[in-house]
Amino acid sequence: MDLALLRTFVTVHRAGSFTRAAALLGLSQPAVTSQIRSLERQLGRPLFLRRPRGVIATTVGDELAHKIAPHLDALTEITEAGLDEESVTRTLHLAGPPEFAAERALPALAPLIDRGLAVRTAFGSAEELLNGLAAGHHDLAVTTVRPRGGLLTATPLCDEEHVLVAAPRWADRLGGPAGLQDRAPKALDPVPVVEVHESLPLVTRYWSAVFDARPTAPAAVIAADLRAVLACTAAGAGLAVVPRYLAAPALDRGEVVSLLDPPVPPLRTYFLVVRTGTLALPHIARAHEWLLRAATAW
């Protein structure tokens with residue numbers, strides 16, 4: 001049986017869509033459809049049921065995928081491992097939030113550059129990153145959303161603590177952290193908000209976790225990069241919720257202060273996501289392992 005047909009079948013099974021599988025394989029959708037039909041004719045059984053938003057495997061399709069996928073992945077790994085990794089430059093396409101990539105992911109991967117790895121980065125929302133990864137535009141994605149389905153595989157990377165910060169003058173006006181402890185969140189209502197999106201995702205999550213309430217203050221500044229959010233906050237534009245790792249230098253310098261110290265600070269988990277099966281590729285596997293190792297110190 002043609003291994004190319006089996007590889008196409010496994011890709012469709014994992015992607016749940018002929019269109020996504022075609023993008024991953026670098027083929028046209030009609031070519032993928034033709035290969036699946038050819039395989040179904042050889043087996044004499046249907047492998048997929050068509051649905052409005054993709055396909056689902058039949059019982060026969062699921063059984064076949066579970067039997068052959070590990071072997072196909074192993075063949076890919078053997079083929080890739082046969083290359084002289086030190087003499088072949090490979091490019092890693094990494095996607096993630098801009099500030100996380102700048103402050104953590106890219107510095108962690110820097111030692112691999114000396115070993116022949118080239119890195120290209122892309123930024124966007126969690127949905128954009130996962131869609132781009134599924135379509136084959138990225139090799140690795142760092143995201144705060146765990147993907148569903150079998151096409152993508154997610155590994156928890158690290159947790160980040162969120163801290164509520166403002167410039168010292170705002171803290172003084174509010175009576176300082178000690179004075180705020182018993183009066184929040186009402187006392188915070190007059191303070192403008194600096195955020196990454198109009199929906200106030202970080203502030204809303206913090207208010208929900210710490211106060212069991214929703215914020216009422218308007219957004220004064222919207223900036224898609226948390227580094228810009230922190231800079232505006234330090235300049236006195238209002239309050240913001242930012243990761244502690246990002247705020248730590250400004251906190252140490254006294255440019256911003258933590259307004260509250262909740263007993264259980266809100267956390268957000270980052271996931272390291274790949275297309276299922278691509279960790280058989282050495283340059284992706286090496287970067288994946290390197291990031292996981294670095295994250296133990298984060």
Side-chain angles (χ1 to χ4, degrees), residues 92-110 113 119-133 137-147 154 157-170 188 191-209 215 217-259 265-273 287 291 294-295 297-298:
L92 177 79
H93 294 272
L94 175 70
E99 59 283 335
F100 190 92
E103 300 293 328
R104 288 192 156 173
L106 288 173
L109 292 174
I113 307 303
V119 180
R120 300 293 182 268
T121 56
F123 308 126
S125 67
E127 182 180 4
E128 291 168 340
L129 298 179
L130 293 177
N131 287 341
L133 181 63
H137 302 314
H138 318 309
D139 299 317
L140 283 176
V142 177
T143 174
T144 55
V145 175
R146 183 192 287 272
L157 181 63
C158 64
D159 290 330
E160 65 174 17
E161 177 189 343
H162 283 177
V163 57
L164 178 65
V165 298
R169 70 179 183 86
W170 274 112
L188 297 170
V191 187
V193 171
V194 186
E195 255 281 13
V196 295
H197 191 271
E198 294 287 356
S199 64
L200 310 184
L202 300 178
V203 171
T204 298
R205 185 181 295 113
Y206 189 98
W207 255 240
S208 176
V221 178
I222 298 296
D225 189 313
L226 280 170
R227 291 166 297 185
V229 168
L230 182 61
C232 288
T233 304
L239 62 79
V241 173
V242 294
R244 183 172 289 279
Y245 82 86
L246 195 63
L251 287 167
D252 291 343
R253 293 191 296 265
E255 297 168 354
V256 296
V257 296
S258 175
L259 295 179
L267 299 177
R268 182 168 65 168
T269 300
Y270 280 100
F271 298 95
L272 189 56
V273 191
L291 287 171
W298 295 344

Do [X] and [Y] come within less than 4.5 Å of each other through their side chains, counting heavy atoms only?
X	Y	result
Val145	Leu130	yes
Phe271	Cys158	no
Trp298	Asp159	no
Glu103	Leu246	yes
Leu239	Thr233	no
Glu255	Pro168	no
Pro243	Phe100	no
Val193	Leu200	yes

Looking at [X] and [Y], what are the two nearest heavy atoms and their distance?
X	Y	result
Leu129	Ala122	CD2-O, 4.2 Å
Ala220	Pro192	CB-CB, 3.4 Å
Ala224	Glu99	O-OE1, 4.4 Å
Arg169	Gly236	NH2-O, 2.9 Å
Pro266	Tyr206	CG-CD1, 3.5 Å
Leu230	Ala247	CD2-CA, 4.0 Å

* To do: Carefully, step by step, assess Leu94 and Leu106 under the rule side chain to side chain contact (heavy atoms under 4.5 Å, CB included).
  => CA-CA 9 Å; Leu94 175 70; Leu106 288 173; 4.1 Å; yes
* Asked: Does the pair Val221 and Val229 meet the rule for a side chain to side chain contact (heavy atoms under 4.5 Å, CB included), with working shown?
  -> CA-CA 8 Å; Val221 178; Val229 168; over 6 Å; no
* Applying side-chain contact (heavy atoms from CB on, under 4.5 Å) between Val165 and each of Val241, Val194, Val256, report the one that passes. =>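 Testing each of Val241, Val194, Val256 against Val165, the sole residue satisfying side-chain contact (heavy atoms from CB on, under 4.5 Å) is Val256.
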* Asked: Hey, does the side chain of His138 reach the backbone of Leu140 with a donor-acceptor pair shorter than 3.5 angstrom?
  ->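 Flag not set: sc His138 to bb Leu140 has no pair under 3.5 Å.
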* Determine, stepwise, if the pair Leu202 / His162 fulfils side chain to side chain contact (heavy atoms under 4.5 Å, CB included). => CA-CA 8 Å; Leu202 300 178; His162 283 177; 3.6 Å; yes
* To do: Not counting sequence neighbours, which residues clear ring pair (Phe, Tyr, Trp, His ring centres under 6.0 Å) with Trp207? List them please.
  =>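 Ring pair (Phe, Tyr, Trp, His ring centres under 6.0 Å) check on Trp207 returns Phe211.
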* Asked: Is a salt bridge present between Glu160 and Arg268, judged by a nitrogen-to-oxygen distance below 4.0 Å?
  ->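 The answer is yes: the pair qualifies as a salt bridge.
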* Can Leu291 and Leu109 be said to form a side chain to side chain contact (heavy atoms under 4.5 Å, CB included), step by step? -> CA-CA 7 Å; Leu291 287 171; Leu109 292 174; 3.9 Å; yes
* Value rounded to 0.5 Å, distance of CG in Leu188 from CG in Leu259 ->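 One gets 6.5 Å once the value is rounded to the nearest 0.5 Å.
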